[in-house]
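Start at 1 with the first residue, then count along the sequence.
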Amino acid sequence: MKYCGKCGAQLDDGADVCVKCKAPCDNDVFAKEPDKKDGSRMGLIAVVLLILVLIAFGCYYFAEISFYNSLLDF
């Protein structure tokens, strides 16, 4: 199977043009596999943001516990 290098649509092996974006079939436009970097990059960004949010909540919780413990020391 071939994939369109312009829009990523899956094509038959004997296709002359892309059925989705109508790009002509030549070796420069068509690729063997679609580019999957965008999906993995978004997943990585989501994981990093989740970790940052968890760290922020942990710091907030620790600060609250420390504040209330300091009030009980008097």
Side-chain angles (χ1 to χ4, degrees):
M1 279 297 193
K2 294 192 297 186
Y3 297 89
C4 179
K6 187 173 181 181
C7 70
Q10 188 175 6
L11 306 169
D12 293 331
D13 289 330
D16 292 332
V17 294
C18 175
V19 294
K20 187 174 181 184
C21 69
K22 307 294 187 222
C25 179
D26 45 2
N27 292 335
D28 296 336
V29 176
F30 289 83
K32 294 286 183 188
E33 295 179 18
D35 190 18
K36 295 182 180 181
K37 291 181 182 177
D38 293 335
S40 62
R41 184 174 293 165
M42 292 300 289
L44 179 63
I45 290 171
V47 169
V48 168
L49 287 176
L50 179 65
I51 291 171
L52 290 175
V53 167
L54 291 174
I55 289 172
F57 278 119
C59 290
Y60 175 76
Y61 179 74
F62 180 74
E64 287 290 316
I65 295 297
S66 296
F67 174 73
Y68 288 120
N69 283 339
S70 68
L71 290 178
L72 295 174
D73 288 340
F74 291 111

Can you list everything that forms a side-chain contact (heavy atoms from CB on, under 4.5 Å) with V48? Sequence neighbours excluded, please. L44, L52
Show which residues join F62 in its hydrophobic cluster (side-chain heavy-atom contacts under 4.5 Å, direct or indirect), or state none. none
Starting from V53, can I reach Y61 by hopping between I/L/V/M/F/W/Y residues whose side chains sit under 4.5 Å apart? no
With sequence neighbours excluded, residues passing side-chain contact (heavy atoms from CB on, under 4.5 Å) with L54: L50
